[in-house]
Structures are given as C-alpha cells and as structure tokens.
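Presented below is the structure to which this report refers.
By convention in this document, chain letters (A, B, ...) are assigned in the order of the sequence lines, proteins followed by strands, and residues within each chain are numbered from 1.
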2 protein chains.
Amino acid sequence: MDTLFLSKTDLFRGIPPEDIESMLGCLKAATKTYQRGEFICREGETVTAMGMVLSGSISIENDDIWGNRSILDRVSAGQVFAENYACLPGEKLMISAVANETTEVLFLSTECMFTVCPHACGFHNKLIRNMLTIAARKSLNLSRRIMHTSSKSIRGRLLSYLSFQATQHGCREFDIPFNRQQLADYLSVDRSAMSNELSKMQRDGIVKVERNHFVLLESDGL
Amino acid sequence: MDTLFLSKTDLFRGIPPEDIESMLGCLKAATKTYQRGEFICREGETVTAMGMVLSGSISIENDDIWGNRSILDRVSAGQVFAENYACLPGEKLMISAVANETTEVLFLSTECMFTVCPHACGFHNKLIRNMLTIAARKSLNLSRRIMHTSSKSIRGRLLSYLSFQATQHGCREFDIPFNRQQLADYLSVDRSAMSNELSKMQRDGIVKVERNHFVLLESDGL
DNA sequence: GCCTCCTTGTTGTTAAAACAACATACTTGT
DNA sequence: ACAAGTATGTTGTTTTAACAACAAGGAGGC
C-alpha cells in the first residue's frame, strides 16, 4: 500500500505514512480493482465501508424513474465516496458508482473509525477530524449547487454561478472548470439555451466570455 | 441547562444527562436568546461554533444577488445548524440564520469536539459519531433535493419527489410534510404551475391528490 | 354563525426554455 | 496537413413554465 500517496489525501492529511500503515489494519482496509463500466456499488444496495479511489476515476450516477442517467459527481484519485452511506448503516444508496476506466478502490470500514482504537492510534482523532472536514466541504458544495439552481431563469443561474466564481477567485476574471455541457448539467439547463443566454449576456455587456475564460463586467454592485 | 432535553437530541443521543453536563464545559457551551427577526449569523461572516436550537425555531436564508430572499431550511428545537461552517474555520457563510420567534440557541465549539478531551469524557467518541451521523443525514437530504430538481419539467420533479415518498413510506398512499407553496419552493417551481400540473396528472390517472394526501396509481413499474 | 385570512385550484397570457438541426471552430491522432 | 470526432454557437419552432388575476374552499377568531 502506497502510504505516501495516502498521506497526501484529504482523509489521511497530517498523518505520517508509518502511522497510516498501522491504521489501515484498524480500518479493515481492502482494495479491489474495477474495469471501465464496472459498478462499484449500485442504487438500492447498502454499504458498510466508504471508498477511496487510489487510481483511475469513477462516476456517481443517478437513474431517474424513466431510466435517464445523470452524472452527479466524478471522483478521482485520493478522493472518497459513499462515506455518507457508510456512516448511516442500512441506508439504501440513491446512486450508483461506476468506474470510468481501470480503477483501484480502497475500502475502509467507518465502524472501526468511530470506535476507540485498541492499538496506539495516536492519529485516530486526526482521521476523524479529516472525515468531518471532508463531509462539511461536500455539504457546502451541495448547498451551493442548490443555490445556483434555485433561480428560475438561465440568466439567474449563470449569474449566481459566475458571481460565486468571481468571489472565489477574488477577481472578476477567471476560468471555470466546466465545459459548456458540464456547466449546463450542473445548472440543470439545456446546453444550447445556455449558450444562447451567454451570448445575450455578452451583448448586454454583463459578461465577456471566451470558452472557459470569463470576465464579469462591473455593471452593478456585485 | 436541561441535559435531559439534550440527551434526546440527535447530537447527544446515547449520552446520559450527567455526562452531558461535564461535556458542555469541554465544548465551551454558551447560550443566547434571540427575538423574532433577529439574526443569529449573517452571510459573509465566519463562525467557530455550531448552534443548537434549544427552544423556538430559526430559518436558514439565502439572499441572491438581486436581494430576493429564499428560505433553505427551518431548524427547530433539538436540531443543529452551521455545523459545516464550524468544521471549516474561516469559511464564509453563504447563508444567514434568523430567528422565527423568541429562540434560545446553544453554541458549541467544534474545535474542542475534535481534540482529545482532557477530562474523562467517556462519551466523547459517541458525540463525534453522532456528529458524523447528522452530517451524513443532512448531506443525503441535500443530494436528494438536487435529484428531485434535476428534471427540467414540473411533472418530472413531482414524480421524482412523490415516488421517493412512496418508497420511504413503503406504500403508494401517503401524506407529505409540505403544503403547496412549500413543495413548490422545495422543487424550485411556481406554485400555481405546480398545482396545475398536479391536476393534469390526476386527469391522466397517474396520481390521486387531496391536499397533503397522495396516492400513486399503478400506471407503470414504479 | 360570520368574518377574515390563508391555502389551493383554475384560467389565460406572456415570456422563456427546451428541442432540433445545423454551421463553425477547435482537438486529437495519424 | 489532414481527417474524424468533439465542442460551441446560432437559429427557428414548439413546448412549457412563469406570471397575474381571480374564485372557491377551509381554518381560526370573535
């Protein structure tokens, strides 16, 4: 196990590699490799362990009642997934996790994370703290998406998203991490309609756009 | 401090009242009373403590860039709020918390929750576990709302919400905890348009509605 | 009972987004 | 450089939801 890699992840941050080694036993660590398209877990199942992607990447998907698949999240190396379900034993998954490519996953029992470590795990508390930090960060990301999609107009959603990006970068000029289709999915709008709206906003002098690069113009008090 | 009340909350569940008493010191517990309309915390601020409503209730609000206020959540007695921000020191609040009525709030330092307790807090681990359970539950609620609002049609959103309610109740006949306006807000749609769509769905034989009571009819494989 | 307030359903109009289809640019691999 | 595939912008049409205005139906107070 590459404990040096693990020590750089959000979950094990601040824990020396040699200590991680001993913790993995406590956490009933187990790895498994998946091929592209293979399911790590499926909607309706229950899980008792959280997952961490060691290499490759996975998608968190949701199928609606008509079978339309939508991608909620992508999880890449070093990131964890299914941690909320692992913290709620018996809770049925609303989503499925599927490998985008050949992907190695580390499974960690949350049960063992909560109970006092029988061995001398001096960094057990650090781990739990990291866990809460990850959970808090993810929660805020979800809240933010809800806010950005609460406006009923495409322009409103774009402005909500773009002005947040501006404050995040501390600058009215910035790049976004999405292409058009991904941004449209994130905001739950049609791509072409969004593209059209971006053009209108540009004509209205609200914003300057070129592919991923945006400039918010000082039309009103941002 | 009413430790008996606290022992019944999600945060202190499983911890005897006498142990809660000693924990409160560790957590730098402090209470404050707010009058209706008074802000507990405001967008843009940072916090270092989480809050628990002891009596009364508060609203979690978000103002968009045009000043339109939208209510994201209501927190009533025994529930916690701002715990995600308290776990991420320095993170600026995207939301504000305001008292709906005369409300007593208990503030708890998360910093002290993470560090090993110098006193004999045998239930410290239980507290942290409860905290993670609460965070996980809230996260799933947020994810669920995102899923229910990801459809682009009102009917799609209603079906997503209603079919989830049906599976939750384990029955196609159930009551929902929202009135029409609240449901419309939750699904981010116009109330009258939603009311209209519900009527159409009833005419189409998909659902039977009477105020808060719903029956999903077996039109297709739910 | 009666009045008022609040909730819900209905309708028609207007505005907006979805959708489809296509043209143009940009990428990537060879 | 070229070809194939992807991403983006544009346009016109159709569908849909927002919006406004109002009527009907409880719920609660007096």
Worksheet item: Which whole-number value in Å describes the distance from A/Lys152 NZ to D/dA17 P?
Response: 13 Å
Worksheet item: Roughly, in whole Å, what's the span from CG in B/Leu158 to P in D/dT16?
Response: 14 Å
Discussion item. Tell me whether A/Arg155 is salt-bridged to A/Glu197, with the criterion being a basic N under 4.0 Å from an acidic carboxylate O.
Written reply: yes
Item to complete: Check the distance between D/dA7's P and A/Leu198's CG and give it to me in whole angstrom.
Response: 17 Å
Fill in: Within 6.0 Å of CD in A/Gln168, more than 12 heavy atoms from elsewhere
yes
Worksheet entry | Phosphate-side-chain proximity, A/Ser192 and C/dA20, N/O vs OP1/OP2 below 4.0 Å | no
Worksheet entry | Test of ring centre spacing under 6.0 Å for A/Phe39 and A/Tyr34 | no
Response to the item:
Rounded to whole Å, CE of A/Met194 lies from P of C/dA17 at a distance of 12 Å
Response to the item:
Ranking D/dA17, D/dT8, C/dC19 by distance to the side chain of A/Arg211, first place goes to D/dT8
Worksheet item: Taking the nucleotide of DNA chain D with the closest heavy atom to each, which residue, A/Ser195 or B/Glu197, is nearer the 5' end?
Response: A/Ser195
Worksheet item: Picking from C/dT8, D/dA18, C/dA17, which would you name as closest to the side chain of B/Asn179?
Response: C/dT8
Practice prompt. Quick one: label B/Asp190 by what it contacts on the DNA or RNA (base, sugar-phosphate, nothing), any heavy atom closer than 4.0 Å.
Written response: base
Practice prompt. Would you mind checking if A/Lys208 and A/Glu173 are paired as a salt bridge, meaning a charged N to carboxylate O distance below 4.0 Å?
Written response: no
Worksheet entry | Cationic N near anionic O, under 4.0 Å, B/Lys92 to B/Glu43 | no
Discussion item. Distance criterion of 3.5 Å, no angle test: do you see the side chain of B/Arg191 paired donor-to-acceptor with the base of C/dG9?
Written reply: yes
Practice prompt. Could you tell me the separation between the CZ atom of A/Phe178 and the P atom of D/dA7, rounded to a whole number of Å?
Written response: 15 Å
Response to the item:
Whole-Å distance, A/Met201 CE to C/dA17 P, equals 11 Å
Discussion item. Rounding to an integer number of Å, can you tell me how far B/Asn212 CG sits from D/dG26 P?
Written reply: 14 Å
Discussion item. Could you tell me how far apart A/Lys200 (NZ) and D/dG12 (P) are, to the nearest whole angstrom?
Written reply: 13 Å
Item to complete: Check whether any side-chain N or O of A/Arg180 sits under 4.0 Å from OP1 or OP2 of D/dG9, and answer yes or no.
Response: yes
